[in-house]
**Student:** 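Starting off with a structure, shown below.
As the structure is a prediction and not an experimental result, all values here were calculated from the model.
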Amino acid sequence: MTNQQTAKLILDRAKPLFKREYNVQYRIKVVYDHYDHQFNFYMIRYKPGHITRVTPLHHVKSTWIADLEEILNLIEKDLKLTIVFAGFEGIKWDSRNSYIQRPKRKVG
């Protein structure tokens with residue numbers, strides 16, 4: 001599956017979940033699964049006073065940061081949501097030399 005097809009599949013699954021409701025926050029969460037060597041995509045729906053809903057969207061059997069970057073660029077063009085990352089501590093983007101997720105601080 002190409003990156004364009006993957007992004008389209010994620011968008012097709014995320015758009016029906018995105019309803020413009022009052023006082024509701026939507027996010028896409030990307031998790032790097034070190035054990036299965038894949039990226040997992042989730043849609044998070046948060047409304048104060050209600051249960052936070054997390055819906056799995058898709059998983060990508062790749063650990064190439066360039067592929068992830070292309071998929072996210074295609075998703076961001078169409079769906080303007082906050083993207084949250086987990087499991088990417090200390091890993092940098094290929095195109096820009098910045099961290100995807102900041103490394104955890106060492107206390108002490």
Side-chain angles (χ1 to χ4, degrees):
M1 185 176 265
T2 66
N3 292 339
Q4 289 81 12
Q5 292 170 335
T6 302
K8 185 179 180 328
L9 179 68
I10 292 169
L11 286 169
D12 290 343
R13 291 179 180 175
K15 282 184 181 178
L17 300 173
F18 179 63
K19 301 174 181 91
R20 295 180 190 268
E21 296 180 41
Y22 176 73
N23 205 20
V24 177
Q25 297 176 6
Y26 292 96
R27 293 187 175 118
I28 291 184
K29 185 168 191 171
V30 182
V31 180
Y32 178 42
D33 187 353
H34 296 277
Y35 300 107
D36 292 332
H37 305 289
Q38 66 186 12
F39 300 122
N40 298 321
F41 291 83
Y42 300 95
M43 177 78 148
I44 300 172
R45 180 186 181 273
Y46 171 74
K47 185 172 185 175
H50 292 80
I51 296 173
T52 300
R53 304 274 182 199
V54 179
T55 308
L57 297 174
H58 190 60
H59 67 273
V60 178
K61 290 276 188 186
S62 172
T63 56
W64 289 62
I65 300 300
D67 287 343
L68 176 66
E69 201 166 4
E70 183 180 349
I71 292 168
L72 289 177
N73 286 337
L74 292 168
I75 290 172
E76 285 176 339
K77 283 181 187 176
D78 200 14
L79 200 61
K80 307 288 187 206
L81 293 179
T82 302
I83 298 178
V84 182
F85 299 97
F88 290 91
E89 293 93 3
I91 301 174
K92 293 187 175 187
W93 292 111
D94 286 342
S95 66
R96 48 191 186 272
N97 198 18
S98 62
Y99 288 108
I100 298 173
Q101 181 183 1
R102 287 272 173 212
K104 292 183 180 177
R105 287 189 185 175
K106 295 180 181 177
V107 178

**Student:** Taking transitive links into account, so neighbours of neighbours count too, which hydrophobic residues share a cluster with Leu9 at under 4.5 Å side-chain distance?
**Tutor:** Met1
**Student:** For Thr55, give me all partners under side chain to side chain donor-acceptor pair (under 3.5 Å), at least two apart in sequence or on another chain.
**Tutor:**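 Counting only residues at least two positions away or on another chain, Thr55 forms no side chain to side chain donor-acceptor pair (under 3.5 Å).
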**Student:** Where do Gly87 and Ile91 come nearest, in terms of heavy atoms and distance?
**Tutor:** O-CD1, 4.4 Å
**Student:** Return each pair, listed once, that meets ring-ring contact (aromatic ring centres under 6.0 Å, His included) where at least one residue sits in residues 77-98; pairs must be two or more places apart or across chains.
**Tutor:**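 Qualifying pairs: Tyr32-Phe88, Phe39-Phe88, Phe85-Phe88, Phe85-Trp93.
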**Student:** If Ile, Leu, Val, Met, Phe, Trp and Tyr residues are connected whenever their side-chain heavy atoms lie under 4.5 Å apart, and connections chain through other members, are Tyr42 and Tyr46 in the same group?
**Tutor:** no
**Student:** Do the side chains of Asn23 and Pro48 get nearer than 4.5 Å, heavy atoms only?
**Tutor:**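 Pro48 reaches Asn23 side chain to side chain.
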**Student:** Going by side-chain heavy atoms closer than 4.5 Å, which hydrophobic residues are tied to Tyr35, directly or by a chain of links?
**Tutor:** none
**Student:** Could you tell me which residues satisfy ring pair (Phe, Tyr, Trp, His ring centres under 6.0 Å) with Phe18, sequence neighbours excluded, listed by chain and number?
**Tutor:**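 Checked Phe18 against ring pair (Phe, Tyr, Trp, His ring centres under 6.0 Å); matches are Tyr26.
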**Student:** Looking at Lys19 and Pro16, what are the two nearest heavy atoms and their distance?
**Tutor:** NZ-O, 3.7 Å
**Student:** For residues 80-94, pull every pair meeting salt bridge (charged side-chain N to carboxylate O under 4.0 Å, His left out), keeping only residues two or more places apart or in separate chains.
**Tutor:**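 For residues 80-94: none.
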**Student:** Tell me which pairs pass ring-ring contact (aromatic ring centres under 6.0 Å, His included) where either residue lies in residues 47-83, with sequence neighbours left out.
**Tutor:** none
**Student:** Please list, chain by chain and in numerical order, all residues satisfying salt bridge (charged side-chain N to carboxylate O under 4.0 Å, His left out) with Lys15, sequence neighbours excluded.
**Tutor:** Asp78
**Student:** Tell me the salt bridge (charged side-chain N to carboxylate O under 4.0 Å, His left out) pairs involving residues 20-46, sequence neighbours left out?
**Tutor:** Glu21-Arg45
**Student:** Nearest 0.5 Å, please: how far is CG in Leu11 from CD1 in Ile71?
**Tutor:**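 It comes to 11.0 Å.
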**Student:** Tell me whether Leu17 shares a hydrophobic cluster with Ile75, the cluster being built from Ile, Leu, Val, Met, Phe, Trp, Tyr side chains joined at under 4.5 Å.
**Tutor:**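 Yes, Leu17 connects to Ile75 through the hydrophobic network.
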**Student:** What residues, two or more places apart in sequence or in another chain, satisfy salt bridge (charged side-chain N to carboxylate O under 4.0 Å, His left out) together with Glu69?
**Tutor:**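 Checked Glu69 against salt bridge (charged side-chain N to carboxylate O under 4.0 Å, His left out); matches are Arg96.
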**Student:** For Lys8, give me all partners under salt bridge (charged side-chain N to carboxylate O under 4.0 Å, His left out), at least two apart in sequence or on another chain.
**Tutor:**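 Once residues adjacent in sequence are excluded, the partners of Lys8 under the salt bridge (charged side-chain N to carboxylate O under 4.0 Å, His left out) criterion are Asp12.
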**Student:** Can you tell me how far CD1 of Ile28 sits from CE of Met43, rounded to the nearest 0.5 angstrom?
**Tutor:**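 Here the rounded value is 6.0 Å.
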**Student:** Given the rule in the side chain to side chain contact (heavy atoms under 4.5 Å, CB included) test, do Ile100 and Ile65 qualify, once you have shown the distances and angles that lead to the verdict?
**Tutor:** CA-CA 10 Å; Ile100 298 173; Ile65 300 300; 4.0 Å; yes
**Student:** Do the side chains of Leu79 and Leu68 join up, straight or via other hydrophobic residues, at under 4.5 Å, putting them in one cluster?
**Tutor:** yes
**Student:** Excluding sequence neighbours, so at least two apart, what forms side chain to side chain donor-acceptor pair (under 3.5 Å) with Asn3?
**Tutor:** Asp67, Glu70
**Student:** When you look at Phe41 and Ile83, which way does the side chain to side chain contact (heavy atoms under 4.5 Å, CB included) test go after all the steps?
**Tutor:** CA-CA 10 Å; Phe41 291 83; Ile83 298 178; over 6 Å; no
**Student:** Between atom CG of Leu74 and atom CD of Gln5, what is the distance when rounded to the nearest 0.5 Å?
**Tutor:** 11.5 Å
**Student:** Do Val30 and Leu81 belong together in a cluster built from hydrophobic side chains that touch within less than 4.5 Å?
**Tutor:**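 Yes, it is one cluster - the side chains of Val30 and Leu81 are joined through contacts under 4.5 Å.
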